[in-house]
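Report on one structure; see the data block that follows.
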Amino acid sequence: MASSYLSFASKLSFLHNGNYKNDAVGRNLLFDNPNSYKWNRKFSDSCFSKTRCSGVGVTRAASTTEAVVDNNRVSKEDSRVLRVGLVCGGPSAERGISLNSARSVLDHIEGDDLQVSCYYIDYDMNAFAISSAQVYSNTPADFDFKLESLAKGFSSLDEFAEHLAASVDIVFPVIHGRFGEDGGIQELLERHNVPFVGTGSRECRKAFDKYDASLELSKQGFITVPSFLVQGSEIEECELSKWFTSNQLDPNSGKVVVKPARAGSSIGVTVAYGVSDSLKKANDLISEGIDDKILVEIFLEGGSEFTAIVLDVGSGFDCHPVVLLPTEVEIQFHGSVDVREEDAIFNYRRKYLPTQQVAYHTPPRFPLKVIENIREGASILFRQLGLRDFARIDGWFLPNSMHALSSSAGKFGRTELGTIIYNDINLISGMEQTSFLFQQASKVGFSHSNILRSVIHRACLRFPNLASHNEVSAHLPRRSKSLPFDEAFNKREGIRKIFVLFGGDTSERQVSLMSGTNVWLNLLAFDELDVTPCLLAPSDDHSDDGSRVVWSLPYSLVLRHTTEEVLDACIEAIEPAQAALTSHLRNQVMNDLMECLKKHSWFTGFDIADEQPVRYSLEKWIKLAKEVQATVFIAVHGGIGEDGTLQSLLESEGVPHTGPGAAASKTCMDKVATSLALSHLADLGVLTINKDVRRKEDLLNMPALEIWDELISKLQCETLCVKPARDGCSTGVARLCCVEDLAVYIKALKDCLLRIPPDSFSKSHGMIEMPSPPPERLIFEPFIETDEIVVSSKSGGEKAQGLVWKGNSRWVEITVGVIGTLGSMRSLSPSVTVKETGDILSLEEKFQGGTGINLTPPPASIVSNEALERCKHRIELIANTLQLEGFSRIDAFLNVDSGEVLIIEVNTVPGMTPSTVLIHQALAEQPPMYPHKFFRTLLDLASERII
């Protein structure tokens with residue numbers, strides 16, 4: 001196969017000269033850009049092709065109260081439409097991540113040839129058919145308490161399975177942890193003869209339990225990490241002490257990892273020291289109900305963690321696993337770190353929240369032979385454990401093998417260069433937009449849709465009654481378009497060029513990456529758009545003329561954890577030796593894949609080309625945008641993305657862009673200027689908060705007590721809220737209840753801390769991300785007390801479901817999007833924000849999918865319809881007074897009786913992540929605006945503006 005593939009690769013110039021493209025109905029259309037991702041055409045002997053997933057414009061639920069499509073009504077003409085049941089949720093703590101995965105899968109597989117119905121399992125194992133709109137909720141808590149009124153419930157899991165047997169062709173489970181990966185849902189589906197994607201129940205049970213899996217791996221000849229099982233209260237301390245001694249660990253201080261045996265790969269994983277600390281943390285996990293089987297493992301010092309996606313490309317029950325390009329997981333430290341950070345492990349927060357605490361490298365920075373051994377071992381493990389379709393296998397590479405593992409001589413993993421250990425098997429890997437599955441798949445030619453549809457079609461091969469669905473070629477996704485631009489491209493009729501810009505160097509640059517990635521992927525849904533993702537590099541990365549730098553990015557380089565990763569990947573990609581190594585590994589994996597995929601009629605080819613990033617100065621990038629008549633979709637949060645600088649540069653060249661113009665952006669970026677601009681609206685029910693602005697230098701040089709006394713005297717309050725004057729809405733915001741709290745905050749500024757640890761202040765709070773570098777000016781204002789809203793739901797183990805709200809102060813916090821043209825902005829439905837930890841919404845609660853609660857629209861039990869309408873009218877008054885256009889987000893406090901609003905801030909480039917509140921509000925419209933339509937609307941508003 002290698003020679004035939006290389007032969008095919010040598011024909012690329014022929015393909016380029018062919019210049020053909022398939023449109024939605026299969027006609028061949030001439031196109032002019034030879035370097036576009038659309039250079040593929042169908043050839044019987046080629047492994048690249050271009051087809052279109054017709055997901056755009058698919059009719060979805062008409063409202064959030066609709067439950068599920070009646071799949072039994074598929075007509076004879078649609079009999080080859082594959083009906084997929086997407087099941088998410090579950091009883092584990094990772095059910096929020098499961099919702100994120102379901103959202104991503106839904107976005108990328110639904111089309112005219114594939115119909116998706118959505119289902120949800122709650123904390124208490126009750127099953128519901130939910131609308132696709134509910135999948136876009138930020139967290140299950142957003143709708144758990146109203147499931148019984150909005151969704152179709154089933155009396156039992158057996159009734160649920162019977163429904164699936166009658167209503168869908170195949171089930172795609174995306175439940176992480178318990179019931180999803182432990183064989184629970186698989187056994188249910190097997191009992192009712194329902195086809196499903198993934199590994200069978202018996203194999204799941206064996207692989208999911210980390211202790212049982214470790215025993216099986218050792219039995220199969222693999223090196224394993226020495227571990228000790230703590231189960232209930234049966235274990236005596238002396239037994240664990242003997243284990244410490246036998247593994248050359250100090251019983252009083254030896255460092256170990258304590259983790260649940262059956263709770264996924266992230267939940268409850270912690271570091272412990274010595275026997276007593278290990279038992280305490282193990283028993284804590286047991287008492288918290290996370291698991292009753294806890295593993296104590298040796299802490300692997302000096303090694304590098306890796307993870308590898310395995311794809312089965314065989315036929316029927318013939319397994320042929322191919323391991324994609326593994327990813328190295330690097331834990332990083334920046335600035336001041338305490339001892340807890342020194343024990344960093346790849347935990348839940350590092351895995352799912354984009355910060356600089358972790359970096360990914362695909363392929364790993366290991367010797368080539370080690371990478372090949374990792375792929376070989378993961379493939380053997382996949383086959384020997386009887387896994388199916390796809391899985392993720394995690395492990396460690398230890399360059400210098402540890403003495404504790406010396407007894408493993410002769411087992412797989414021992415190499416001249418070090419030791420390879422596999423320690424965790426994930427049967428249902430996370431499928432968020434930038435997850436390992438998509439990172440690694442894109443490196444070897446798969447788009448999101450292509451890899452997911454390949455997994456589904458592979459699963460169908462095990463079920464003879466689904467064979468007809470594999471006789472037609474699977475529709476491939478809308479792909480990222482080309483990086484190069486030429487005159488031929490400019491003349492392409494009917495194609496609009498879009499640049500999506502994200503990054504920058506503010507404290508919200510990682511959220512900007514999430515926003516830009518989400519916008520880019522959604523706009524790829526439209527064939528008439530040619531969308532290029534672009535990274536605004538940090539200000540310390542200058543071009544030759546001293547100006548800022550922008551990188552145009554290929555598909556795979558966007559799918560990274562942080563902007564720093566993206567930038568490093570760009571530099572690596574253009575380094576000749578690294579580019580050659582990556583290309584070699586890519587070709588090797590693609591050869592392995594094509595050996596079997598070429599036999600399947602449903603596989604029509606890889607759809608992501610191997611492109612290089614292109615570096616521009618900001619000035620040249622803007623001129624390029626003007627030359628190709630591009631519209632710029634701005635997703636840069638804070639800094640030049642929101643203070644009017646970028647808008648002014650684009651407008652001076654006549655380049656249309658999303659969001660408000662330069663003047664309005666400048667005003668809204670300055671929270672003091674925003675308050676002044678709205679101060680005359682008090683009689684109309686629009687109120688502003690008194691503010692005091694202080695320079696960081698003054699805070700560092702004055703006694704904290706003197707500052708505190710001045711602030712509470714001037715602002716006439718007892719509790720303060722502090723926030724950066726010109727940063728985003730999420731970092732550096734804290735409640736200060738006393739002078740000691742102020743001193744802690746000032747010290748964090750002085751020490752340039754990246755994070756203030758939980759509960760550092762006198763009142764309980766979560767992790768507070770800090771701006772880097774620290775802001776030069778800070779705003780102090782009275783802390784506004786709002787009424788606590790408690791969401792009581794079955795997901796929390798409560799018997800009753802609903803909202804608990806005392807309503808003493810009559811004020812609640814809201815956030816609301818506005819959309820429209822200059823002078824005619826319209827308010828979307830406001831969302832009531834519910835804080836889960838402390839008094840300030842954390843970065844996670846705002847932007848990390850699976851956390852944070854937003855009630856959209858506000859429940860009538862809290863805000864009456866009359867007050868809601870008055871609120872929306874005042875929000876529109878604010879937007880038009882500030883001369884907003886396109887879209888923005890306004891944060892405020894709302895008086896639930898009068899509808900008065902007290903302005904917090906206005907965000908002209910609001911968060912656009914997959915779990916952003918703007919999506920919830922767009923879905924609350926009638927008819928609902930799904931993400932791809934919502935972002936297209938914002939883009940069209942930008943294109944229509946007069947500059």
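In this chain, residues are counted from 1 in sequence order.
Side-chain contact between Val135 and Ile130: present, with at least one pair of heavy atoms (C-beta onward) separated by less than 4.5 Å. Pro914 has its side chain out of reach of Tyr136: every pair of non-hydrogen atoms, C-beta onward, lies at least 4.5 Å apart. For the pair Val313/Phe603, no side-chain contact is recorded, criterion being any heavy-atom separation below 4.5 Å from C-beta on. At a threshold of 4.5 Å between non-hydrogen side-chain atoms, the residues Glu330 and His361 count as touching. Side chains of Tyr360 and Thr562 form no contact here, defined as non-hydrogen atoms less than 4.5 Å apart. Asn423 has its side chain out of reach of Thr224: every pair of non-hydrogen atoms, C-beta onward, lies at least 4.5 Å apart.
Evaluation of the salt bridge (charged side-chain N to carboxylate O under 4.0 Å, His left out) test over residues 214-230, restricted to residues two or more places apart or in two chains, returns none.
Side chain of Asp277 to main chain of Tyr273: a donor-acceptor pair is present (N/O by atom type, distance under 3.5 Å, no hydrogens or angles). Judged purely by atom type and a 3.5 angstrom limit, Arg392 has no side-chain atom pairing as donor or acceptor with the backbone of Val310. With hydrogens and angles ignored, the 3.5 Å screen pairs a side-chain donor or acceptor of Ser104 with a backbone N or O of Met431. Side-chain atoms of Ser442 come within 3.5 Å of backbone atoms of Phe438 as a donor-acceptor pair (strictly under, hydrogens ignored). When atom types are taken as modelled, the side chain of Arg95 and the backbone of Ser92 share a donor-acceptor pair closer than 3.5 angstrom. Judged by distance alone, the side chain of Glu159 and the main-chain N or O of Ser155 form a donor-acceptor pair under 3.5 Å. A donor-acceptor contact shorter than 3.5 Å links the side chain of His176 to the backbone of Ile428. With Arg262 contributing its side chain and Arg178 its backbone, the two residues share no donor-acceptor pair below 3.5 Å. Asp212 places no side-chain N or O within donor-acceptor distance of the main-chain N or O of Asp209, the cut-off being under 3.5 Å. The backbone N or O of Asp124 sits less than 3.5 Å from a side-chain atom of Asp122, completing a donor-acceptor pair.
Remark: Phe397 engages Phe366 in a ring-ring contact (aromatic ring centres under 6.0 Å, His included) (not counting sequence neighbours). Under the rule for a ring-ring contact (aromatic ring centres under 6.0 Å, His included), the partners of Phe160 that lie at least two apart in sequence or sit in another chain are Tyr119, Phe154. Here Arg375 pairs with Asp592 under the salt bridge (charged side-chain N to carboxylate O under 4.0 Å, His left out) rule; sequence neighbours left out. Residues passing the ring-ring contact (aromatic ring centres under 6.0 Å, His included) test with Phe244: none are found, sequence neighbours excluded.
A donor-acceptor contact closer than 3.5 angstrom is absent between the side chains of Thr415 and Asn373.
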Going by atom type alone, with no hydrogens or angles, which donor-acceptor pairs under 3.5 Å involve a side-chain atom of residues 192-206 and a protein atom two or more places apart or on another chain?
from: His192; atom 1: NE2; to: Asp158; atom 2: OD1; distance (Å): 2.9
from: Thr199; atom 1: OG1; to: Arg388; atom 2: N; distance (Å): 2.9
from: Ser201; atom 1: OG; to: Glu190; atom 2: OE1; distance (Å): 2.6

side-chain contact (heavy atoms from CB on, under 4.5 Å) assessment of Phe412 paired with Ile421:
CA-CA 9 Å; Phe412 186 94; Ile421 302 172; over 6 Å; no
Where do Val258 and Val271 land on the side-chain contact (heavy atoms from CB on, under 4.5 Å) test, with the steps shown first?
CA-CA 6 Å; Val258 178; Val271 173; over 6 Å; no
Show your reasoning for whether side-chain contact (heavy atoms from CB on, under 4.5 Å) applies to Ile121 and Val87.
CA-CA 7 Å; Ile121 308 292; Val87 185; 4.0 Å; yes
Evaluate the side-chain contact (heavy atoms from CB on, under 4.5 Å) criterion for residues Phe306 and Tyr422: first the C-alpha distance (whole Å), next the side-chain angles of each, then the deciding distance (0.1 Å), finally the verdict.
CA-CA 9 Å; Phe306 66 81; Tyr422 302 99; 3.8 Å; yes
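Atoms OG and CD, from Ser101 and Glu94 in turn, are 9.0 Å apart once rounded to the nearest 0.5 Å. In this structure, the separation between OG on Ser156 and CE on Met125 is 11.5 Å, given to the nearest 0.5 Å. Atoms CG and CG, from Asp394 and Asp424 in turn, are 5.0 Å apart once rounded to the nearest 0.5 Å.
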